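Here it is, the structure, as C-alpha cells.
Just so you know, ligand 1 is whichever comes first in the structure, and atom 1 is the first atom listed for that ligand. Just so it is clear, the structure is predicted and the values come from calculations on it, not from any experiment.
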Amino acid sequence: MRIDAITLRELQMPLVHFFETSFGRTTTRRILLITLHADGLEGWGECVAGEGPFYSEEYIDGAWDVIARYLGPTLLGKTLSSGREVPALLARVREHRMAKAALENAAWDAEAQAKGVPLWKLLGGTRREIACGVSIGIQDSHQQLLEKIATELAAGYQRIKVKVKPGWDVEVLEKIRARWPEILLSCDANSAYTLADTEHLQSFDRFHLLMIEQPLWSDDFYFHTQLQEQLQTALCLDEAIRSARDAEAALELGSCRIVNIKVGRVGGFSEAIAVHDAAQRFNIPVWCGGMLEAGVGRSHNVALSTLPNFELPGDVSASKRYWKEDIIEPEVTVSPQGTIAVSDKPGRGYDLNREQIEKLTVRKEVLRR
Ligand code: OSB
Ligand code: MG
C-alpha cells in the first residue's frame, strides 16, 4: 500500500450524558479522525486524545499539529505491506502515542481490507464475542449514580466500574454494595490519591472490588507496589502503562495484578499486542479500556478485545450509551448477556456512516506530498 494522502478531520460530537472523572467533566467530544488513502483503499483511525491535557499530556490540538507537521509527512509516499511497519517509521518523534496510534491503526485497518480478512483476525484475535462492562462517571447525586447502575445492569453489562475521587468514594461504594452485594464492581481514581491515603484505600477492601484502577500518580510504578502490598484488593494500572516495557517493569515490581490496555495510550496496535503478550507471560489478565470513542475507535477496540488474554470484561460498550447517532453502520450493540459479537466481514467489520461524518466535521486538512 502506497500512502498517497492523509486526511485529518475534527468532528464535534455531544455526549448523550456528560462524563466526569477525578480530572474533570466532558460534555462534547472533539474527535480527530484520520484517513490513510492508499491504492484506492481508505484506512481509518481515531485519535483518542482528550479535549485538554488532563488524562495524559496529549490533547486533540497537539495531536493534530504533530500529525500534520511531523508524523503524517513521514508516512506520505511510503509503501507499506503491514500496519506493523508504522511504529519504526514514526519512532524518531518521541511520545505522542495517541497521535501515532491513530495513524498506525488506520494502516492496520487498510491492511485488513487489502488482505480481505477481519481486522480482529489480523491482530491475532481468537474470541467470537467479547465481554462488556461499563464505566460510569461521577454524577450530580448518589441517587443519579444508582439509577444509572440499575439501567446498565438491566441492559446486561457484566461489570460496573465507577469513577472515584476523595469525597466521592466510600459512601458511594457503600450504597452500591448495599443494593448489589454480588455484582462485579470496580473503581477508577485516575490518579486522585497519594500514598498518604493508604489507610483510606485499605477501607475499600471491605467492598470486595474486582480492582482499584490507577489510584496514584499517572507515571508511577514504585509507590503502587507499596500500596498493593498493603491492600487485599487488586490494583490495575491504566495511565502508567505506556508500553510493553512499562508493563514488564510494573509486573516485575508487583505494582498491579491486572492491566488495562488502551490502544491509543500505548501508541497503536503493535504495542497493544506486545503489552497483551507481556501480561500473558506474567499470568496477568488484561481488559480493554475506553476513551469515549466514536465508532472508528470503538470498532478498533472491539477487534483488539478478541485477543486471548482479554480475560476480564472491558469498558467497550454500546454506541448508544455515548451518541445519539454514531459514525458507523451498524452501530456497536451489546447483547442482553453483555457481549459484543464480532463480524466476519473484511476490515473493521463496521461501515462508515459518511453522511453523519460529513455533518459533524468542523475542520479538515489533507496532507499530500
Ligand atoms: O480512565 O478509563 C479511564 C474516559 C476518559 C478518560 C479516561 C478514562 C475514561 C473511561 C471511560 O473510563 C471509558 C469509556 O466508556 O469509554
Ligand atoms: Mg482508567
**Q.** Region of Gln214 that comes within reach of ligand 1 [heavy atoms, distance under 4.0 Å]
**A.**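 It is neither; nothing of Gln214 touches ligand 1.
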
Q | ligand 1 atoms in contact with Lys262 (distance to a heavy atom under 4.0 Å) | A |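 The atoms of ligand 1 under 4.0 Å from a heavy atom of Lys262 are 1 (O), 2 (O), 3 (C), 7 (C), 8 (C).
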
Q) Just by modelled atom types, is the Ala38 backbone N or O under 3.5 Å from a matching donor or acceptor in the Asp4 side chain? A)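 Answer holds: no.
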
Q: Determine the sole option in Glu213, Glu239, Lys165 for which the side-chain hydrogen bond (donor to acceptor under 3.5 Å, both in side chains) test with Asn190 is passed.
A: Glu239

Q: For the pair Trp217 and Phe223, name the ring-plane relationship: parallel under 30°, tilted 30 to 60°, perpendicular over 60°.
A: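 It falls in the perpendicular class, over 60°.
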
Q. Lys163 heavy atoms, cut-off 4.0 Å: which ligand 1 atoms fall inside?
A. 1 (O), 2 (O), 3 (C), 8 (C), 9 (C), 10 (C), 12 (O)

Q) Looking only at atom types and distance, does a side-chain atom of Thr151 sit under 3.5 Å from a main-chain N or O of Glu147, one as donor and one as acceptor? A)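 Side chain of Thr151 to backbone of Glu147: a pair is present.
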
**Q.** Within 45° cone of Trp64 ring axis and under 6.0 Å: Arg363 NZ or CZ
**A.** yes

**Q.** Nearest-0.5 Å distance, OG of residue Ser305 to NE2 of residue His300
**A.**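 Reported value, rounded in 0.5 Å steps: 12.5 Å.
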
Q. Does CD belonging to Gln232 count more than 12 external heavy atoms closer than 6.0 Å?
A.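 No.
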
Q.
Tell me whether ligand 1 is touched by Asp238 - counting only heavy atoms on the residue side and a distance under 4.0 Å.
A. yes

Q. With atoms numbered from 1 as shown, which atoms in ligand 1 lie under 4.0 angstrom from a non-hydrogen atom of Ser135?
A. 10 (C), 11 (C), 12 (O), 13 (C)

(Q) Name the residue from Asp238, Val286, Leu237 that meets the side-chain contact (heavy atoms from CB on, under 4.5 Å) definition with Val259. (A)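 Output: one option passes, namely Val286.
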
Q: Out of Ser317, Ser218, Gly290, indicate the one that has the non-hydrogen atom closest to atom 9 (C) of ligand 1.
A: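 The nearest heavy atom belongs to Gly290.
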
Q | Exercise: do Thr361 and Arg9 side chains pair donor with acceptor under 3.5 Å | A |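 Yes, a side-chain donor-acceptor pair sits under 3.5 Å.
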
Q | ligand 1 atoms in contact with Lys161 (distance to a heavy atom under 4.0 Å) | A | 2 (O), 12 (O)

**Q.** Residue of the set Arg92, Glu104, Lys100 for which side-chain contact (heavy atoms from CB on, under 4.5 Å) holds with Leu71
**A.** Lys100

Q.
Quick test: of every protein heavy atom, which one is nearest to atom 14 (C) of ligand 1, and how far off is it to 0.1 Å?
A.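 Of the protein heavy atoms, Tyr322 OH, 3.4 Å lies nearest.
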
Q | Residue portion contacting ligand 1 (non-hydrogen atoms closer than 4.0 Å) for Asn190 | A |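 It is the side chain that touches ligand 1; the backbone stays farther off.
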
Q: Of the side chain and backbone of Glu213, name the one, both, or neither that has a heavy atom under 4.0 Å from an atom of ligand 1.
A: side chain

Q: Show which atoms of ligand 1 fall inside a sub-4.0 Å distance from at least one heavy-atom site of Phe19.
A: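 Counting atoms of ligand 1 from 1, those under 4.0 Å from Phe19 are 4 (C), 9 (C), 10 (C), 11 (C), 12 (O).
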
Q) Among all protein non-hydrogen atoms, which one is nearest to atom 16 (O) of ligand 1, and what is the separation to 0.1 Å? A) Leu292 N, 2.9 Å

Q. What number of protein N, O or S atoms occur at distances under 2.8 Å from the Mg ion (ligand 2)?
A.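 Every protein N, O or S atom under 2.8 Å from the Mg ion (ligand 2) counted, the figure is 3.
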
Q) Atoms of ligand 1 less than 4.0 Å from Met291 heavy atoms? A) 6 (C), 7 (C), 16 (O)

**Q.** Test applied, side-chain contact (heavy atoms from CB on, under 4.5 Å); reference residue, Arg206; option that passes from Thr233, Leu173, Val170
**A.** Val170

Q | With sequence neighbours excluded, residues passing side-chain contact (heavy atoms from CB on, under 4.5 Å) with Gln139 | A |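 Partners of Gln139 by the side-chain contact (heavy atoms from CB on, under 4.5 Å) criterion, ordered by chain and then number, come out as His17, Phe18, Ile136, Gln144, Leu145, Lys148, Trp168.
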
Q. So which bit of Thr21 gets within less than 4.0 Å of ligand 1, heavy atoms only: side chain, backbone, both or neither?
A.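 Thr21 to ligand 1: no contact under 4.0 Å from either part.
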
Q) Looking at Phe269, is Arg84 sitting on its ring face, NZ or CZ under 6.0 Å from the six-membered ring centre and within 45 degrees of the normal? A) no

